[in-house]
Amino acid sequence: MAKDGLLGKDLIVTYVRDGAAPFKLETEKFNYKRIEEEQKKHPIGEPSEHVRVILKGWELDVEGEVVDPFIDDLMHEMEENHRKNRPMPTIEVRVDEVYDNGDVRKWVFRSDGGVRISGFEKTGDGGDKAIKYKFKIHAQKREKVA
């Protein structure tokens, strides 16, 4: 009999602003992957190829429905800070995963100077359908939370 495996996973993006309560963006869908570079060599006379894997960081694809102005506020503040050469807002990204056997793994994605967001899109079909957003998050490392 096959196991169901990973029962659930939640990604919470927390946006921390100076002097204000943090906003939390709960997502509908996300994926994350490790970004790596392979350096391959096959020295003359050696029977096989040598591969060196260099970890470049992590990339998360995030999607959800717009339910409040949080995402617009975040994008606006990032754009304003970029224009005025101010530091980017502090963003923390946490993933909680619950496995079939009851184990829970918690991860925090971090970067020196904060994680970065790129590729922001917001779409809507009009009428009574929800407006959706999506973007990418880039982080240097993933750390296990105790």
Side-chain angles (χ1 to χ4, degrees), residues 1-42 49-146:
M1 187 164 146
K3 293 256 185 195
D4 288 333
L6 191 61
L7 293 176
K9 55 184 181 176
D10 290 318
L11 174 100
I12 298 176
V13 178
T14 304
Y15 165 39
V16 182
R17 298 186 316 165
D18 291 336
F23 288 114
K24 290 188 179 181
L25 175 68
E26 295 195 32
T27 60
E28 286 183 1
K29 179 180 173 184
F30 74 94
N31 296 302
Y32 63 86
K33 64 181 176 181
R34 193 168 84 163
I35 306 300
E36 50 195 43
E37 177 184 316
E38 290 184 1
Q39 293 180 345
K40 296 180 181 182
K41 294 181 182 178
H42 194 154
E49 190 173 66
H50 298 271
V51 178
R52 181 175 175 214
V53 177
I54 300 168
L55 179 60
K56 298 285 203 170
W58 294 85
E59 182 178 276
L60 297 88
D61 292 310
V62 178
E63 295 181 29
E65 289 185 358
V66 176
V67 294
D68 58 37
F70 164 78
I71 194 73
D72 289 318
D73 292 345
L74 175 60
M75 292 303 138
H76 176 71
E77 185 169 342
M78 290 175 69
E79 190 173 343
E80 286 292 307
N81 288 4
H82 179 73
R83 274 196 214 119
K84 296 176 181 176
N85 288 326
R86 294 189 304 219
M88 285 292 123
T90 301
I91 301 166
E92 180 180 282
V93 179
R94 190 184 82 220
V95 174
D96 297 344
E97 298 176 339
V98 180
Y99 290 86
D100 185 55
N101 66 0
D103 285 351
V104 176
R105 294 289 184 267
K106 296 183 180 207
W107 306 98
V108 175
F109 291 84
R110 295 198 167 112
S111 291
D112 298 334
V115 299
R116 295 292 176 242
I117 291 177
S118 69
F120 176 72
E121 293 181 40
K122 192 162 135 180
T123 59
D125 291 333
D128 61 349
K129 294 185 180 177
I131 295 173
K132 305 247 180 195
Y133 69 85
K134 65 181 177 178
F135 56 87
K136 292 185 181 299
I137 296 174
H138 306 274
Q140 293 172 332
K141 57 192 164 207
R142 179 183 77 156
E143 297 174 348
K144 190 173 180 182
V145 179

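We number each residue from 1, following the sequence as shown.
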- Dump the intermediate steps for side chain to side chain contact (heavy atoms under 4.5 Å, CB included) on E121 and K134, then the final yes or no. CA-CA 5 Å; E121 293 181 40; K134 65 181 177 178; 3.4 Å; yes
- Heavy-atom nearest pair, V115 first then A139, reads CG1-CB, 3.8 Å
- Query: Parallel, tilted or perpendicular for F109 and Y32, by the 30°/60° rule?
  - Reply: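 Rings of F109 and Y32: perpendicular, over 60°.
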- Query: Are the side chain of E37 and the backbone N or O of K56 linked by a donor-acceptor pair below 3.5 Å?
  - Reply: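 It does not hold such a pair.
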- Query: Can you tell if the side chain of F135 reaches within under 4.5 Å of the side chain of I71, non-hydrogen atoms only?
  - Reply: yes
- Task: Considering only NZ, NE, NH1 and NH2 on the basic side and carboxylate oxygens on the acidic side, decide whether K132 and E65 come within less than 4.0 Å.
- Result: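 Salt bridge: yes.
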- Task: Give a yes or no on this: more than 12 heavy atoms of other residues, nucleotides or ligands lie within 6.0 Å of atom CZ of R86.
- Result: yes
- Go through V93 and R142 one step at a time and tell me if the side chain to side chain contact (heavy atoms under 4.5 Å, CB included) criterion holds. CA-CA 10 Å; V93 179; R142 179 183 77 156; over 6 Å; no
- Item | CA sep, side-chain torsions, deciding dist, call: H138, S118, side-chain hydrogen bond (donor to acceptor under 3.5 Å, both in side chains) | CA-CA 8 Å; H138 306 274; S118 69; 2.7 Å; yes
- Which residues pass the side-chain contact (heavy atoms from CB on, under 4.5 Å) test with H50, sequence neighbours left out?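 In terms of side-chain contact (heavy atoms from CB on, under 4.5 Å), with neighbours along the sequence ignored, H50 is linked to P43, E46.
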- Distance-only, no hydrogens or angles: does the T27 side chain make a donor-acceptor pair with backbone N or O of G64 under 3.5 Å? no
- Message: I'd like to know if the side chain of D96 and the backbone of K106 have a donor-acceptor N/O pair within less than 3.5 Å.
- Response: no
- Query: Nearest 0.5 Å, what's the CD-NZ distance between E79 and K84?
  - Reply: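 Reported value, rounded in 0.5 Å steps: 11.0 Å.
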